[in-house]
Amino acid sequence: MKLEVFVEKIRSFLQNAERISGKNLSLPVLSGVSLSVKDKKLIIKATNLDIGVEFSLPVKVYKEGVVVVPASVLGSFVGLLKDGEKLILELSDNNLLLNSENSSASLKTFLAEDFPSIPAPSGGVSVEIPLPFFVGGLRSVYYSASVSNIKPELASVFIYTYETFLVFVATDSFRLAEKKVTLPKSLNIPPTLIPLKNISEIIRILETFPKETSIRFAEHQIVFEAPNMRVVSRVIDGAFPDYKQIIPKDISTKATVLKQDIAQALKAANVFSDNFHQLYFSINPKEGKFIVKSKNNEVGENTTSIKAALEGDLVDISFNYKYLVDFVGVVNSDSVIFSWSGSGKPLVLRGVGDSSFTYLVMPMNR
Amino acid sequence: MDNKQLWENALVEIEMSVSKANFSTWFKDTYVLKREEGVVFLSVPNAFVKTWLLEKYHKFILKSLRNLSDSIRSIDYTVAREDGKNPINDSKRYVSGFMELPLNEFMVDKENNLNPRYTFESFVVGPFNELAHAAAQAIIKKPGIVYNPLFIYGNTGHGKTHLIQAIGNHIKKVDISKKIYYITSERFAVDFVNALQNGKANQFKDKYRGYDVIIMDDIQFFSNKEKVQEELFHLFNSMYDNNKQIVFSSDKHPNFIPDLENRLKSRFSQGMIVDIPAPDIDSRAAILRRKLQASNLSLNAESIDFLSSVMESNIRELEGIVNSIICQMNLKGRELTINEVRQLVKNNSKPKKNIAIKDVVKIVADFYNIEESSIYEKTRRKEIVKPRQITMYILREECNVSYPLIGQKLGGRDHTTVIHSCEKIKNEIKDDHILAQEVSQIKTLI
């Protein structure tokens, strides 16, 4: 195998492949990236058996062939080369030689025939969803998914369609985020659970790729396909909880505040919050007060009062800082609405004028 | 050759000819689902494995299988379902360690604290609990009128919580406007103390007085908590005066709950007090079948007989055994044999208590307020004979000490005397409620 390519052309592919490649697996070849040269193209493959990627790019081919090398070593080396340099890769005696104008390296290889192929499911539903919509939807909710794998369906982002909406939901059972994206035309896809640990890779790869990517919802897998790319992720075979019933409908107290103000208050409160990141909210609509407090016996305490439009009953409640700050980080509107519906019920957060995003947080037990 | 054996043998051959790393990566968690007309359905953990087995190892696997059985013609690879789904058990693990209230644990209704899993439909009625069940049925027809309060007592794992929660769930189902609240006594006490600390005692009172039905579990924990008892007393009175139903459960008869105020005891007795004793063997078998049925599994009659005779008292333990049987069945994909069931029970049953004979004597003597030495003496005074017989009975039943040894240690008596005493107590317990209570109390002290 021998090929020549510009460094900047191949770098991002190799770095993406490096992120995908397996770590701590019993099969060492999975920590490698497979480079195969055929029909004037270089095909780059990597997988950890949970998610797999396959990229192809045109290169100057001298000799066809396949090689598998450690992904991290190749990625790091190529990452250090300058843009505009030409890189020649050549297989010689089970070593991959890398030669650029100023530097050269020789890499040990794995047995290429042990490297698995990336599944190419053909069944299921294939749809074209504008990528910014899809990536935006994932970004809006994925941080809310559970990091524990005890319940695989909660360690996932749930995607389903209804009318012309594509809905993304994630919850770790203490908070929940739901994002509705309006599609140009109505689609019908099967409800799908994408595992959280693959989401950040999917987002990263999709953001570096052209917009004409189609998404295939196949059995056990979701596939992102473009002429020069294929990303295959396992999906979770399970049922997402019927979350709609826990979104409170009656509102007893409502507060509208500027996002900037609440962000400031949260930051200040976090400085003084205890090990549980507990913040106290005290809302008194009659006196027009919205107060955020925190207290740490070792540090001290702090109180911030926020300008807010209030209505409804008195509220005295505490929350985990982390969950609220996540919301402030993703909401697009300038001002946000807090709505309560009584004790023991989750707080509902929405941006003003933005009905597409809903965020629920459970209060903390004092 | 059954499927499991077939695949194990095939794996042995495959393991010889692929590298260890390859073998453990690609053949881990694979198993034969079924065999139909020469097609072997192989379950694989994910699509990556499926693709690779199909591409790289298919011929090889087929060859290994054919060496073992000529009739095999092809292999079908199926991706297995994701496991780790047991929402009920998981939810508990989930909550611990976090301070936040869990958001979507629909299993417990936040309004009334009831677990919708506990219903009358899932409650197995047998001779041992039919009285309690009948009382509960009467209550759901006329809450607050017939038996108020209803007091259910029985040992742990006899279904008290199930029954009282079923009452709540049923009333809720019939009349959605009824405000029902299920609470454990411990929670009630904590709530009360918190209310006092925050100066919200009135809010506390209002909250509880607003309910139509209050169900309080495990109230034996109120012993020694005078202030809480007083609050419960007032709550009770106001509920009772307004014809609102109250249901209590405890592990003992109210008269045997230590340090419970008399005014509470007498109020508990004014309604209905029923006992749920240990389930009889037929009921245990019925419960077993029902639990298995709920998971769409069945077990041979022999195993059911065996389990219902071994798992004597506690339904909760029975449930545990059923869960491990279900788990094993799902894993193996077939019914368990009686021997496998025996093996499971062996691992699950708790060891017999190991306690010195002298200590038992001391506990019994202290309980009846007599001299420890008098148990060993050759006296036939009535107040000594009964404790001595109970000592023998407990040593035999709880500690598994042999008859001759009991006789020898308790003042050199003949083993027939011991046998007689044990039989006598065993029979008397059935009719004499007070004796039964005393024995069970002594047992808890050991």
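Order of the sequence lines sets the chain letters (A, B, ...), proteins ahead of strands, with each chain counted from 1. These numbers come from the heavy atoms of this one structure, side chains and all, not from hydrogens, waters or symmetry mates.
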Original post:
Judged by modelled atom types alone, do B:N22 and A:D114 share a side-chain donor-acceptor pair under 3.5 Å?
Top reply: yes
Original post:
Looking only at atom types and distance, does a side-chain atom of B:N46 sit under 3.5 Å from a main-chain N or O of A:L49, one as donor and one as acceptor?
Top reply: yes
Subject >> Set of salt bridge (Lys or Arg N to Asp or Glu O under 4.0 Å) partners for B:R35, sequence neighbours left out >> reply: none
Original post:
More than 12 foreign heavy atoms under 6.0 Å from NZ of A:K249: is that the case here?
Top reply: yes
Original post:
Side chain, backbone, both or neither: which part of A:I51 has a heavy atom under 4.5 Å from chain B?
Top reply: backbone
Subject >> Positions in residues 53-61 of chain B that reach chain A, provided some heavy atom is under 4.5 Å away >> reply: B:E55, B:K56
Original post:
Is the closest side-chain heavy-atom distance between A:S117 and B:W52 below 4.5 Å?
Top reply: yes
**OP:** Count the heavy atoms of every other residue, nucleotide or ligand shown that sit under 6.0 Å from CG of A:N94, and state whether that count exceeds 12.
**Re:** no
Original post:
Distance from A:H220 atom NE2 to B:F48 atom CZ, nearest 0.5 Å?
Top reply: 13.0 Å
Subject >> Proximity breakdown for A:E219 and chain B, heavy-atom pairs closer than 4.5 Å >> reply: neither
**OP:** Please say whether more than 12 non-hydrogen atoms of neighbouring residues, nucleotides or ligands are located less than 6.0 Å from NZ in A:K293.
**Re:** no
Subject >> Enclosure of B:K173 NZ (heavy-atom neighbours >12, cutoff 6.0 Å) >> reply: no
**OP:** Count the heavy atoms of every other residue, nucleotide or ligand shown that sit under 6.0 Å from CG of B:D206, and state whether that count exceeds 12.
**Re:** yes
Subject >> Minimum heavy-atom distance A:P119-B:A47, with the two atoms named >> reply: CG-O, 3.8 Å
